[in-house]
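Each remark here refers to the structure printed beneath this line.
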Number of protein chains: 2
Amino acid sequence: MSGEVPLGAVPRPTVSSVALLAGVSRQTVSNALNNPERLQPATLKKVLDTIEETGYVRSAAARQMRTARSGVIAYRLDRVRDGIGGAVLDTFLHALSAEAERRDYRVMLYTADSDEAELRQFSRLTRARTVDAFILIETHRDDVRYGWLSEHGIPFSVFGRPWSSDGTNHQHSLNHAWIDVDGAAGTAQATRHLLELGHREIAFVGWPHGSETGDERRRGWAETLARAGTDAPRRQSLDSWQPDGILSGSNAARRLLDAGATAFVCASDSLAIGAYSAVQAAGGQGAVVGFDDTPTAAALGLSSVRQPLDEAVGWALGSVFAQLDGAPGVPGEPSLLTPQLVVRASSRPVRGTTA
Amino acid sequence: MSGEVPLGAVPRPTVSSVALLAGVSRQTVSNALNNPERLQPATLKKVLDTIEETGYVRSAAARQMRTARSGVIAYRLDRVRDGIGGAVLDTFLHALSAEAERRDYRVMLYTADSDEAELRQFSRLTRARTVDAFILIETHRDDVRYGWLSEHGIPFSVFGRPWSSDGTNHQHSLNHAWIDVDGAAGTAQATRHLLELGHREIAFVGWPHGSETGDERRRGWAETLARAGTDAPRRQSLDSWQPDGILSGSNAARRLLDAGATAFVCASDSLAIGAYSAVQAAGGQGAVVGFDDTPTAAALGLSSVRQPLDEAVGWALGSVFAQLDGAPGVPGEPSLLTPQLVVRASSRPVRGTTA
DNA sequence: TCAGCCAATTTGATTGATCAAATGGCCGAT
DNA sequence: ATCGGCCATTTGATCAATCAAATTGGCTGA
């Protein structure tokens, strides 16, 4: 009979029980944790020591009652779609959780199948004061979420720029806090890198038109090639539109290799992995650069454009905390972060690759 | 000046304000939500209507104060490792979050780089009464987490069986609530399926020895082959050990094809994707079955063994709630769930495949 | 007729922390 | 000697709900 449940054996320490032990009042204990500068060094030490001894931790609920802060940020967890591409959001979420902890906050998940369902979640979570703010992802046209949260005065910040209904990325009428990664800058960087390696016939393996993110990544490649002197018809013949996926990528790359391509800029690592395998099957001549720098890409030695997710998370949280601290609705200037190309074996100069 | 922040414009409805409006007392409002059977139908309706009108939602914090329940379950979010394999835990987490919501609970994330760090998180989260219970994953040898939580009387439940230090899966001295998927049953099912298709030279593409999960999956294949009459030396020659990954998978499959294999049971979808591409490169003759039924596998038409994650989540939550409701430390019999083979193009009978 | 009982509803107390205001001690200035 | 002012600390009130005990009123049966 040694494994008895010690539930409630010792009543959980409270601000009062700690105060009693330390020989001070409740408020002094509270101050030791919240406003240490108000206490005399000796008193502070005494109280902190007692806190240490008893293992006292403030009750989240009681604290929240008085301060009207839950210390929790909500994040919508989507159903898994694509195993590889999903890694980006996984990484984002991990960074978010870790960074939130560093700032004494926590991340709580919710799910929603539609915008309406998500608004219902907003409503529940905020009315119950379960969370203080939201971090939104997966922006889309006519996104009703910003409006709802703004109207209700709930702090939030978005990873992804607001796309207005005509597909341009004009500012939304409600200007809210958002951060995004400059996809065009990423593919442009990749394309320049391949140009420097001596490649001239640089193809793009991208998604079908209509995806904002995808179109933007294509643009970075196209503009860079244009600047390097590749004419429009030639660019057209080096472009391709594929649903995301490894197989799509290798099929497209095979065709483009036949058309004379010697290097590939891809809209995702999935496509790039496929393209890389096609290149290797064809003798290994040809360079490939992916997008997102997923662990899989790293493992395969695939060059890839890395999104600065830690920065994005830092900015998003910073913005949300500023709003919580009463900053006006106007967020610190939203901006595009520049991604960074990570060069690996798939795009290193090999013998005979020079122009 | 239309976009003013309406913060606090109307004071948030409380149990008292709703009571006033409905012409009843606070407690009656509380009962309407928590013990509706105690109220007269007419009173109940009146109160519920008022709640609806005002959009009242109970304050999570105040509720938690009195009930000593946070309504939150904690889950450790790991850093992303493998883009494809990670999808399993992603799916698990999504299912967990969705199912928790259905039961009026929420999932909160925490991170930890080591067991010690995780124990510290346990301590903080439980002392602050931020969470009610934990769902643990990634079990390993000499896992100290069960012990800590048991000693502290914190409800928890584990996805993954307890591995004792000698590598067997003997019961831990502290018997706790766990659920796991019978990997051997999965690979056995896959192997039988391939036998039925007429294959006789069925290879296994698995991980190096030492991973419990991996060894178990190998066992299911080996035992089924043995039962079908394949002798040990032959089995040995059809076995392979690979670090997880697409490339590893295709390399191994190429070698095994040369050794006469006509079908492949794989320890993961990553390996299977690689094996499948090797098979296709070699003319498309040969069947492949993966493990985990990731979205990528589905997209590629790869047969795969699907883990019943929804069931696992349901069981884990059920167990945790039972513990919260004061059930003794003894959990409902822990068990192994049987995975289900999903047959797709990669292992369908094609002309000429029959023995 | 009225005690007794039951069901429906109300009142009082409590949860654990923090805010706001009050207290006590000590200093220098009047 | 006395008083305003300052500092460190304490006391009282409050956040929004629920538990536990008290109340109300209707109905039954001796």
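Just so we're on the same page: letters track the sequence lines, and every chain starts at 1.
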Taking only the side-chain nitrogens and oxygens of [X], find out if one of them lies under 4.0 Å from OP1 or OP2 of [N].
X	N	result
B:S16	D:dA17	no
B:Q27	C:dT11	no
B:R26	D:dT18	no
A:R58	C:dT18	yes
A:N34	C:dT18	yes
A:T43	D:dT9	yes
A:S25	D:dT10	yes

Worksheet item: To the side chain of B:A62, which of C:dA17, D:dA17, C:dT18 is closest?
Response: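 It is D:dA17.
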Fill in: Shortest side-chain distance from A:T14, nucleotide among D:dC15, C:dA17, C:dT15
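Between D:dC15, C:dA17, C:dT15, the one nearest the side chain of A:T14 would be C:dA17.
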Worksheet item: Is B:S59 touching bases, backbone alone, or none of the nucleic acid, heavy atoms closer than 4.0 Å?
Response: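 It contacts sugar-phosphate atoms only.
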Fill in: Sugar-phosphate only, base, or nothing, as touched by B:V24 at under 4.0 Å among non-hydrogen atoms
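Sugar-phosphate, no base atom in range.
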Practice prompt. Name the orientation class of the two ring planes belonging to B:F122 and B:W148 (parallel below 30°, tilted from 30 to 60°, perpendicular beyond 60°).
Written response: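 Plane angle between 30° and 60°, so tilted.
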Worksheet entry | All side-chain contact (heavy atoms from CB on, under 4.5 Å) counterparts of B:D132, not counting sequence neighbours |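 By the side-chain contact (heavy atoms from CB on, under 4.5 Å) rule, B:D132 matches B:R69, B:S70, B:Y105, B:L324.
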Worksheet entry | Donor-acceptor contact below 3.5 Å, side chain B:S319 vs main chain B:W315 |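 No, the answer is negative, given that no donor and acceptor are paired below the 3.5 Å cut-off.
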Worksheet item: Going from OG1 on B:T130 to CZ on A:R58, what distance comes out if it is rounded to the nearest 0.5 angstrom?
Response: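 If I round to the nearest 0.5 Å, the distance is 11.0 Å.
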